Amino acid sequence: MPELPEVETVKETLKNKIVGLSIQKVDVYYDKMMSKATSDRLVGQQIIDMNRLGKYIIFNLTDLDFISHLRMEGRYFIKADEPILKHEHIVFHLSNGQTLRYHDTRKFGTFDVREKHETYLVPPLSKLGLEPFQMDPMDFYHRLKKSKKPIKTALLDQTIVAGIGNIYADEILFASHVHPLRRADKVTKKEATWLIERGRGILESAIEAGGTTIRTYVSSLGVTGRFQLTLMVHQRLDEQCYICGDQIRKVVVGGRSSFYCDTCQKR
DNA sequence: AACGAAACCTGCGCGC
DNA sequence: TGCGCGCAGGTTTCGT
């Protein structure tokens with residue numbers, strides 16, 4: 001479910017609530033999600049800081065880094081020590097008596113523990129490209145030049161640029177007037193620059209809005225997002241383009257539903 | 001090397 | 001009311 005802005009919101013919310021606390025016990029209710037060896041390593045560690053790279057949340061612990069990816073539907077909640085709910089798969093017991101709970105309807109989320117010196121040097125984080133905020137537009141242009149994939153697919157490729165998911169990819173393409181099926185190596189320098197710069201703007205706005213886009217996004221602590229971001233194309237099939245009035249269309253690219261305006265976005 | 005499909009899971013909305 | 005299908009904001013793996 002979450003893309004960079006949502007993950008940033010979750011990370012910031014958690015950071016304000018749990019930094020300084022220690023993990024006293026970890027209960028895993030769905031074994032495939034986290035091995036005993038992994039959960040054992042977390043016990044006794046203090047949460048020193050929290051960071052994010054792309055869509056990964058990084059818990060900086062005393063001796064280790066704990067890396068969490070929410071995939072489609074992962075969420076964190078902080079609760080008192082009360083009965084667990086159906087989709088709560090991992091419960092971290094903290095030193096103030098509260099519990100941090102990992103909730104994931106589809107059980108897609110992943111967890112990794114890394115030695116601090118290797119965190120960014122080994123997968124999964126080592127494989128990530130730069131985020132749009134750090135990406136130089138011309139550097140991005142040259143990366144696109146090497147790819148014959150549709151630009152939509154390239155934007156979703158986390159090794160090319162990190163943090164963009166299906167919703168923001170559609171929005172960024174619309175804002176840059178580029179058709180989702182355009183071959184990546186056919187994107188011009190001007191367009192590559194638009195994709196990065198307008199991408200930054202869209203992601204920043206989304207972060208300011210509390211990381212909300214579609215549906216009832218609920219961040220940590222059960223706080224519902226504010227829905228301040230108006231989506232220009234995503235999920236707007238057959239509705240009118242806000243710019244030209246043409247009908248928004250849909251095409252499947254790389255297996256992902258892609259919404260676009262055939263008039264505003266150049267093929 | 002490159003691409004799409006399938007896999008990992010569950011729930012929801014839709015048409016019949 | 002129930003059933004089957006398609007779909008979901010992600011990523012990896014498998015097969016052609």
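Heavy atoms only: backbone and side chains are in, while hydrogens, waters and symmetry mates are out. Keep in mind that this is a model prediction, so the values were computed, not measured.
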K.L.:
Return the 5'-most residue of the pair A/Lys250, A/Lys55 with respect to DNA chain C, ranking by each residue's nearest nucleotide.
P.N.:
A/Lys250
K.L.:
Classify the nucleic acid contact of A/Lys127 as base, sugar-phosphate or nothing, counting any heavy atom under 4.0 Å across all strands shown.
P.N.:
sugar-phosphate
K.L.:
For A/His69 and C/dT11, is the shortest distance between a side-chain N/O and OP1 or OP2 below 4.0 Å?
P.N.:
yes
K.L.:
Are A/Lys149 and B/dG4 close enough that a side-chain N or O sits under 4.0 Å from OP1 or OP2?
P.N.:
no
K.L.:
Which is true for A/Gly255 with a 4.0 Å heavy-atom rule: it touches a base, it touches only sugar-phosphate, or it touches nothing?
P.N.:
nothing
K.L.:
Please state whether the rings of A/Phe92 and A/Tyr76 are parallel, tilted or perpendicular, taking 30° and 60° as the class boundaries.
P.N.:
tilted
K.L.:
I want to verify a distance call: between B/dC9, B/dG11, C/dT11, whose nearest atom is closest to the A/His87 side chain?
P.N.:
B/dG11
K.L.:
Can a side chain N or O of A/Arg256 be found less than 4.0 Å away from OP1 or OP2 on C/dG10?
P.N.:
yes
K.L.:
Would you say NZ of A/Lys116 has more than 12 non-hydrogen atoms from neighbouring residues, nucleotides or ligands within 6.0 angstrom?
P.N.:
yes
K.L.:
When the P atoms of B/dA6 and C/dC5 are compared, how many Å lie between them, rounded to an integer?
P.N.:
14 Å
K.L.:
Please work out if A/Thr110 contacts a base, only the sugar-phosphate, or nothing of the nucleic acid, heavy-atom cut-off 4.0 Å.
P.N.:
nothing
K.L.:
Grab the NZ-P distance between A/Lys152 and B/dG4 for me, whole Å please.
P.N.:
13 Å
K.L.:
Side chains of A/Asn51 and A/Lys15: do they bring a donor and an acceptor to under 3.5 Å?
P.N.:
no
K.L.:
Should A/Lys107 be listed as having a side-chain N or O under 4.0 Å from OP1 or OP2 of B/dC8?
P.N.:
no
K.L.:
Under 3.5 Å for both donor-acceptor distances, Watson-Crick or wobble: does C/dT1 have a partner, and if so which one?
P.N.:
none
K.L.:
What is the distance, to the nearest angstrom, from the CG atom on A/Asp157 to the P atom on B/dG4?
P.N.:
13 Å
K.L.:
To the nearest Å, give me how far apart NE2 (A/His234) and P (C/dG10) are.
P.N.:
9 Å
K.L.:
Using a strict 4.0 Å threshold on nitrogen-to-oxygen distance, state whether A/Glu115 and A/Arg41 make a salt bridge.
P.N.:
yes
K.L.:
Quick one: is A/Tyr30 getting a side-chain N or O under 4.0 Å of the B/dC9 phosphate, OP1 or OP2?
P.N.:
yes
K.L.:
Please determine which of A/Arg198, A/Glu197, A/Arg200 meets the side chain to side chain contact (heavy atoms under 4.5 Å, CB included) test together with A/Pro132.
P.N.:
A/Arg200
K.L.:
Measure from the ring centre of A/Phe108 to the centre of the six-membered ring in the base of B/dC8, then say whether that distance is under 5.5 Å and the planes meet at under 30°.
P.N.:
yes
K.L.:
Rounded to the Å, how far apart are A/Lys86 NZ and B/dT10 P?
P.N.:
9 Å
K.L.:
To the nearest Å, give me how far apart CG (A/Leu181) and C1' (B/dC3) are.
P.N.:
14 Å
K.L.:
Considering Watson-Crick and G-U wobble pairs with both distances under 3.5 Å, what does B/dC9 pair with?
P.N.:
none
K.L.:
Ignoring backbone atoms, test whether A/Gln158 places a side-chain nitrogen or oxygen under 4.0 Å from the OP1 or OP2 oxygen of C/dG10.
P.N.:
no
K.L.:
Here's a test of your reading of the structure: between A/Pro124 and A/Arg106, which maps to the more 5' nucleotide of DNA chain C?
P.N.:
A/Arg106
